[in-house]
2 protein chains.
Amino acid sequence: MARSYGQYCPVARALEFVGERWTLLIVRELLLGPRRFTDLMTGLPGVSANVLAARLRDLEAAELVAKRSLPAPAASTVYELTDHARGLAAVVAAMADWGMTLLGQPATTDEIRGAWIVLALAVTTPAPRGADATYEFRLDDEVLHVRSHGGHLQPRHGPAANPDAVITMGPKTLAAIATGDLDPNSPQANKLVTTQGDSRAARRLLMTFSPIRS
Amino acid sequence: MARSYGQYCPVARALEFVGERWTLLIVRELLLGPRRFTDLMTGLPGVSANVLAARLRDLEAAELVAKRSLPAPAASTVYELTDHARGLAAVVAAMADWGMTLLGQPATTDEIRGAWIVLALAVTTPAPRGADATYEFRLDDEVLHVRSHGGHLQPRHGPAANPDAVITMGPKTLAAIATGDLDPNSPQANKLVTTQGDSRAARRLLMTFSPIRS
DNA sequence: CCGCATCCGTTTCGATACTG
DNA sequence: CAGTATCGAAACGGATGCGG
């Protein structure tokens, strides 16, 4: 298990479980749904297999992650968050909110995944209550969807079963909207973003993703 | 500087700044006000001087911490958070909130500081708007105060200039209230807690610190 | 005393290679 | 696909030393 801080403090205790390198990023990946080992490897470029395996072992021992065997044809195992670990969504959200302010321009060595931006936006953006809807995002070859439900935006891996709107763009374009570098209402954004289905709702969602400018 | 994750993701970026061991606990200490190097050493039992010095150097380089020289008589330097770093209060709050659920009983090797519990409670507890008040806490030899202002509870090191109420107890008693192991209205709590000044308000504050039981 | 810097043994990380 | 084995590099932790 992880090294203790020897402090009777909730913050220190939380860090003993998720404070090690890569751990919170694994949680980030699993917040969008169950994943296989190799899915996590590709979603976490830079991590090495032994570290990932060690973290998953520790998280499983702490009952924050459960290993589940998929039924018949798929013959594979997936990792998923337990209910207790889903409480970490607030921690990841706070990190995403603060981290957005210092994201800046991507370094040449930075990998970009649409899932990371979608997650950050979804967990930090309040959704209108009572107006449930599902949006599918296609960001290069990544497909995800976001469900607006109960005042929250719930992001998920994979396509939506019955999306109200489909939004297609590059992950960098979405990042530019998130950082405020690109106004989703600008003609420039219109060239970079394609919407299908309820385009009006899709536009409204993208506008809520744009930070308030002073 | 800290090692990069090589990911263009707000969460990863935040972790590059505050994800290393001890860093977020240093922020925890500084959220209650400026501190000298040795203050931080005693507030962070277990940290070694070289690691603390290294973290402070990195935080200063990232402009999250500023080193300030105290005027004439005190002839000393203090570290304090910059405005940007104060945005981490939300991260620490989320950690404290989640960590509270797994705090349990203190291990025999655990140090206990009243400041840790007061901070955790203050940042996770909503305060009534429009009813500003100042509470002084005396937890063994530690003295802190909490100001209710604008719907938030602002914790601080040291005594209050003009407290509405003074609350005296052991840090473990406060922790027991925080975890729900002790009902602040119980006769047992009455024996362990002393209040001066506006005792009614003090009781109300302690009740808001108690988690909702199901 | 305060605020570190230096040294050194131990632990952890990261990259690559290898296996059922 | 899902990891384990190995090994050099980096980080951590504890002790000591030292200038202001």
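Chain letters run A, B, ... following the sequence lines, proteins first, then strands; residues in each count from 1. Computed from heavy atoms alone, side chains included, the values below leave out hydrogens, waters and symmetry copies. Keep in mind that this is a model prediction, so the values were computed, not measured.
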Novice: Output the distance between atom CD1 (A:Ile26) and atom CZ (A:Arg35), rounded to the nearest 0.5 Å.
Specialist: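 That separation rounds to 13.5 Å.
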Novice: Whole-Å distance between C:dT11 P and A:Asp58 CG?
Specialist: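 My rounded result for the distance is 16 Å.
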Novice: Kindly give the atom pairs (protein nitrogen or oxygen, nucleotide nitrogen or oxygen) under 3.5 Å for nucleotides 8-10 of chain D.
Specialist:
none

Novice: May I have the distance from B:Leu52 (atom CG) to C:dC4 (atom P), rounded to whole angstrom?
Specialist: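 Taking CG of B:Leu52 and P of C:dC4, I get 9 Å after rounding.
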Novice: May I have the distance from A:Trp22 (atom CH2) to C:dC13 (atom P), rounded to whole angstrom?
Specialist: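 Computing the A:Trp22:CH2 to C:dC13:P distance gives 11 Å.
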Novice: Could you state the CD-P distance from A:Glu16 to D:dC12, rounded to the nearest angstrom?
Specialist: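 So the two atoms are 16 Å apart, to the nearest Å.
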Novice: Tell me, do B:Leu144 and B:Pro155 make a side-chain contact under 4.5 Å, heavy atoms counted?
Specialist: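 B:Leu144 does not reach B:Pro155 side chain to side chain.
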Novice: Does any residue of residues 34-50 of chain A have a heavy atom under 4.0 Å from DNA chain C, and if so, which ones, in number order?
Specialist: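 Residues of residues 34-50 of chain A that come under 4.0 Å of DNA chain C are, in numerical order, A:Gly46, A:Ser48, A:Asn50.
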Novice: So which nucleotide from C:dA5, C:dG14, D:dC12 ends up closest to the side chain of B:Ala53?
Specialist: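 Looking only at side-chain atoms, B:Ala53 lies closest to C:dA5.
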Novice: Of the candidate nucleotides C:dC13, D:dG13, D:dG3, which contains the atom at the shortest distance from the side chain of B:Arg21?
Specialist: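 Looking only at side-chain atoms, B:Arg21 lies closest to D:dG13.
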Novice: Measure the shortest side-chain to side-chain distance between B:Arg28 and A:Cys9 over non-hydrogen atoms and say whether it is less than 4.5 angstrom.
Specialist: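 Heavy-atom side-chain distance check passes, below 4.5 Å.
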Novice: Would you mind reading off the distance between A:Leu25 atom CG and C:dC13 atom P, rounded to a whole angstrom?
Specialist: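 Roughly 13 Å, once rounded to whole Å.
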Novice: If the cut-off is 4.0 Å, is B:Ser76 near the phosphate of C:dG3, judged by side-chain N/O to OP1 or OP2?
Specialist: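 Yes.
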Novice: Between C:dC2 atom P and B:Leu70 atom CG, what is the distance in whole Å?
Specialist: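 Atom-to-atom, B:Leu70 to C:dC2, this comes out as 14 Å.
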Novice: For B:Glu136 and B:Val143, which heavy atoms make the closest approach, and how far apart are they?
Specialist: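 In terms of heavy atoms, the two residues are closest at OE2-CG1, 3.8 Å.
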Novice: Could you tell me the separation between the NZ atom of A:Lys67 and the P atom of D:dA2, rounded to a whole number of Å?
Specialist: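 That distance rounds to 10 Å.
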Novice: What closest approach, in Å, do B:Val18 and B:Thr23 show between heavy atoms, and which atom pair accounts for it?
Specialist: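 Result for this residue pair: CA-CG2, 3.6 Å.
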Novice: With a cut-off of under 6.0 Å to the ring centre and 45° to the axis, is B:Arg13 in cation-pi contact with B:Tyr5?
Specialist: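 No; the conditions do not both hold, so B:Arg13 does not lie above the ring face of B:Tyr5.
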Novice: Say whether B:Glu142 and B:Trp116, considering side chains only, have a donor N or O and an acceptor N or O under 3.5 Å apart.
Specialist: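 No - no donor-acceptor pair under 3.5 Å links their side chains.
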Novice: Regarding B:Ser4 and B:Glu16, is there a side-chain donor-to-acceptor distance under 3.5 Å anywhere?
Specialist: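 Yes - a donor-acceptor pair under 3.5 Å links their side chains.
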Novice: Would you name the heavy atoms of A:Ala120 and A:Thr124 that are closest together and state the gap between them?
Specialist: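 The answer is O-OG1, 2.7 Å.
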Novice: Taking only side-chain nitrogens and oxygens of A:Tyr79, does any of them come within less than 4.0 Å of OP1 or OP2 of D:dG3?
Specialist: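 Affirmative; the distance criterion is met.
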Novice: Roughly how many Å is it from CZ in A:Arg57 to C1' in D:dG3, rounded to a whole number?
Specialist: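 Atom-to-atom, A:Arg57 to D:dG3, this comes out as 9 Å.
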